[in-house]
Novice: 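Okay, here's the structure, questions in a sec.
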Amino acid sequence: MKFATRAIHAGYDSADHNRAVMPPLYQTSVFELQEIGEAMDFSYARTGTPTRAALEGCLASLEGAGHALAFSSGMAAIDAVLRACLKPGDEVIALANLYGGAYRLLTRVMAPQGVKVSFVDLSQPERLEEAITPQTRLLWLESPTNPLLGMVDIAALAAIARRRGVRVAVDNTFATPYLQRPLEMGADVVVHSATKYLGGHSDVLLGLVAVSDPALYQDIRFIQNAAGAVPGPQDCFLTLRGLKTLALRMERHCDNAEQVAALLDGHPLVDKVYYPGLARHPGHELARRQMRRFGGIVTIQLKDNRREAANRFVQRLELFALAESLGGVESLVNHSYTMSHGGMPPEQKAALGIVEGGLRLSVGIEDIDDILADIKQALAD
Ligand SMILES: Cc1ncc(COP(=O)(O)O)c(C=O)c1O
C-alpha cells in the first residue's frame, strides 16, 4: 500500500477492538491476568498499551522500519537512543549545527557521564572519515537542521559509518517520513519529535523511534520500559489521528512554504532566506535527491540584525504566533536565538549563524493569500 493509505490504516485492525473504526483509548494502567504466569500482549501500561501499539505500528510502517517505539517527548526518544548506543568511554560524533535541545542533552547530560561528544561539520561527507576514532560508536545526524535548514548527505555518511562499524541515528523531525526515509538510505535508527508535524496540531508532546535491527530495537525497548518515559493513551491517540492527514498536510505545508520563501527571497528588508527549495540554497541539489519536497520551514535573517528589529517584525505579524514549536496546522514564528536554541552558548550560536535578527517561520496550512498578506504587512515600512 502507498504512504497515504498506510498513514490511515497501518498498525491497527478494528477486528481486534470491537470493530471500532478509530483506535480506542485504553485509559488503564494495568490489565488483568486470568491465571498466574499467563503470557499477555499487555500487562502494565509502562510496558505497553493497545493504543500505543497502534501508533508504534503505524510509524514503523511509514518509516519502513521493523519496529517503532513511542516516548513521552522527542527528547525522551533521543535520550533512550543515546543510552542504548553509548556507554562511558564511547564517542558520539554529532552534526555541528544540531537542534539546541539535543546539543544540551549531549553536552550537559551525556558528556558529564563520560561519553565523548564531538561536533563535526559534516557538509562534506569525507570529514566523517577523518573524525571517526576507535571509540566512535554513534553518528548523530539531523537533516534538514533546526533552524538553518542545513542538509547532510545521509546515504554517503551512512555508507562511511557502516564501513567503520559506527551506528547512524537521524532526527527526521523536520522532514517527516512523508518527505524523507533515512532507514532506506542506510541509517540504523530514526527519531522524531512527533510534537511537530506527526501530531501536527500543536496539542500533544510525544517522541517516536523507528528501528529495524532486532538487537538495537530490544536495547531501546528495554530503556523505554526500564526508564518509563512513555506517553499516555490520549497522546498516542492524538498522534495517530494526526498521522492520518500527514500526507495531505505536508503537501500543503510545502506548497505554502515555497511561496513564502519566494516572497522573502530578495525582499529589501531580508538579508538571507534559508529554504532548501531555493535554487541557490547550498543543499538544494541534495534536497532534490534525498527528499520528496522541501518542507514547511523557512528561516530568515533580517538586514537589521538586531533583536529589536526581529521583535518589531513578530509584533506586527497577526497570523503567525510567536511560539517555541513548529509543524502544526497554524503558522508560528520562533526567535531561535532566545527560544529553540536558548540553551546553546552564544559563541556556538555565532559560529553556526544563529543570530539576533534571525527568525524561523513554521508555515502553516492556512490560505496562502492570508499568509503572504500577513508577512507583507509586517515587513512594510
Ligand atoms: C529537530 C528536533 N528534534 C527534537 C526535538 C525535541 O522534541 P520534544 O520537544 O518533543 O521533546 C525538537 C523540538 O523542538 C526538534 O525541533
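Residue numbers run from 1 in the order of the sequence given. Both counts, for ligands and for their atoms, begin at 1 and track the order of listing.
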Novice: Quick one: list whatever passes side chain to side chain contact (heavy atoms under 4.5 Å, CB included) with Q259, sequence neighbours left out.
Specialist: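 Testing Q259 for side chain to side chain contact (heavy atoms under 4.5 Å, CB included), a comparison that skips the adjacent residues, returns I368, L372.
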Novice: If only atom types and distance count, is the side chain of D374 paired as donor or acceptor with the main-chain N or O of E318 below 3.5 Å?
Specialist: yes
Novice: Are any side-chain N or O atoms of H335 and backbone N or O atoms of V314, one a donor and one an acceptor, separated by less than 3.5 Å?
Specialist: no
Novice: Which protein residues have a heavy atom closer than 4.0 Å to any atom of ligand 1, listed by chain and number?
Specialist: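 Within 4.0 Å of ligand 1, protein side: S73, G74, M75, I78, Y99, N146, D171, T173, S193, T195, K196, L205.
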Novice: Classify the angle between the aromatic ring planes of F31 and F42 as parallel (below 30°), tilted (30 to 60°) or perpendicular (above 60°).
Specialist: tilted
Novice: Would you please test S193 and T195 for side chain to side chain donor-acceptor pair (under 3.5 Å) and show each step?
Specialist: CA-CA 5 Å; S193 170; T195 314; 3.3 Å; yes
Novice: Show your reasoning for whether salt bridge (charged side-chain N to carboxylate O under 4.0 Å, His left out) applies to R252 and D255.
Specialist: CA-CA 5 Å; R252 179 70 169 253; D255 287 345; 5.9 Å; no
